[in-house]
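Working notes, beginning with the structure itself.
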Amino acid sequence: MSLVKIAGLHKHFGANHVLKGIDLDVARGDVVALIGRSGSGKSTLLRTINGLESIDKGELVVDGTALHDGRGDLRALRQKVGMVFQQFNLFPHLTAGQNVMLAPTVVKGTPKPEACDIAKEMLLKVGLSDKFDSYPDQLSGGQQQRVAIARALAMQPKVLLCDEITSALDPELVSEVLAVVRQLATEGMTLIMVTHEMRFAREVGNKLIFMHHGRIHESGDPKTVFADPQTPELANFVGAVQAA
Amino acid sequence: MLVQFTTWDIVRNLLDAAKWTLALSLIAFVLGGLVGLAILFARISKHRALQAATKAYIEVFQGTPLLMQLFIVFFGLSLAGIDVSPWLAAAAGLTLFTSAYLAEIWRGCVDAVPKGQWEASATLALSYTQQMRHVILPQALRIAIAPTVGFSVQVVKGTAVTSIIGFTELTKTGSMLANATFEPFVVFGLVAAGYFALCYPLSLYAKRLERKFHVAR
């Protein structure tokens, strides 16, 4: 029984057909890495999974909550799907703790003291229990991204989407964020991530999806897919990434 | 027989009139702010007809002289059989004018909140109203403070136009004194000084706020 099921998904940006019939099954506890060149549709695919991009045609089901051809209860879907962005997108007018508390109190109606406990627990999980009262601009990029992860986790999502979450970070800050993601994976969190960290994808992921021209071009176990690409496009891509 | 005006008489009369300029400015700013807020919400709502209507409202008030707006309120209402005093017409006209400008300034501030803030809050399953209240407006408010105070200068200067429909504020009093004293240069010099004394602190304050919030971001 899959946790995320995508069937026949199509998406256009005007005349541009960016997703040309995607079928994808993600099981509970899967760690899926989406790779591909820019413009291949990988970020768009990720963003359709919580309705940030609308779906023109096809079906998306997350833990029983469905969108048919883009119609359905978006907010119910989003309560099950957390997301972390490349640019962190923390709320700058709120402290780290308030950032994490906001959605549980406002959306779920969790009482403040209880939400505060949840926020403390989540910040502890990402190693930032001492930053509860810090504002985002007082934190490093890596710390901001970890707060963003804590903020998403506070809603207890079934699946967490990560959109190039280390791409905006200075090189020395990448590892602290990846360590948090690795820990989540070991704890059994279902993760779908668009990433350029190929080594991380191979090491932590159990499913690799290579997108090309709006289609899933090749997929499988990261270790075998990387070692033995079946299509020239993937071989080319892997070669280009490893050369860089 | 001619009444002799001392400089102090002129100043005293102008100070008295300045109170009305100040009162009218305050009323226009406060009421204009409230109406402007309502227009802002309609302008940024997802409702197409509301968007279009408020866009037209803003364009009309930004695209016509304040004086014409006052004439239309003043003469238009009396034509419709409603007798309006210059005081009421001035307050109503300036309120409408202010509301249109403030709504547009504030819309710019809402637009200035980065798209990522909308996306992050949507991802957390907040509704549109919740996004607005907890994420977007608090940030837009910070951005809005400096230009809003800056615009208040325009409102103060805008009140001068109401002298033409007979509202006795600073400029109107100035004209009457100039006619009575035959010293227009002195009188209007003092009138200008009066406006400057009202406006300069406001624009200084706006500049300070602007610097403060730029540093803070």
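Chain naming here is simple, since letters A, B, ... match the order of the sequence lines and numbering starts at 1 in each.
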query = What's the verdict on side-chain contact (heavy atoms from CB on, under 4.5 Å) for A:F91 and B:I136, showing C-alpha distance, side-chain angles and the deciding distance?
reply = CA-CA 9 Å; A:F91 306 133; B:I136 305 302; over 6 Å; no
key: Proximal component of A:M83, with respect to chain B [non-hydrogen, under 4.5 Å]   = both
inquiry  = Counting neighbours of CG on B:D83 that are heavy atoms of other residues, nucleotides or ligands and sit closer than 6.0 Å, is the number greater than 12?
reply    = no
inquiry  = When you measure from the side chain of B:E119 to the backbone of A:N89, do you find a donor-acceptor pair of N or O atoms at a distance under 3.5 Å?
reply    = no
key: Inter-residue atom distance B:Q117.CD - A:H93.NE2, 0.5 Å rounding   = 7.5 Å
remark   = Turns out that what part of A:V84 lies under 4.5 Å from chain B's heavy atoms comes down to neither
query = Counting heavy atoms not belonging to B:Y200, are there more than 12 under 6.0 Å from its OH?
reply = no
request  = Output the residues of residues 47-78 of chain A for which the shortest heavy-atom distance to chain B is under 4.5 Å, in residue-number order; output 'none' if no such residue exists.
outcome  = A:R47, A:N50, A:L52, A:R75, A:R78
ask   = Quick one: does A:Q87's side chain get under 4.5 Å of B:P114's, heavy atoms only?
value = no
task = Please indicate whether B:R12 has more than 12 foreign heavy atoms, meaning atoms of other residues, nucleotides or ligands, lying under 6.0 Å from its CZ.
result = yes
query = Looking at B:S121, B:P138, B:A122, which makes the most heavy-atom pairs under 4.5 Å with chain A?
reply = B:A122
Atom NZ of A:K108: over 12 foreign heavy atoms under 6.0 Å = yes
remark   = One should read off an interatomic distance between B:T123 OG1 and A:R151 CZ, to the nearest 0.5 angstrom, of 8.5 Å
query = Within residues 100-107 of chain A, which positions have a heavy-atom distance to chain B below 4.5 Å?
reply = A:L102, A:A103, A:V106, A:V107
ask   = When you look at CZ of A:F132, are more than 12 heavy atoms from neighbouring residues, nucleotides or ligands closer to it than 6.0 Å?
value = yes
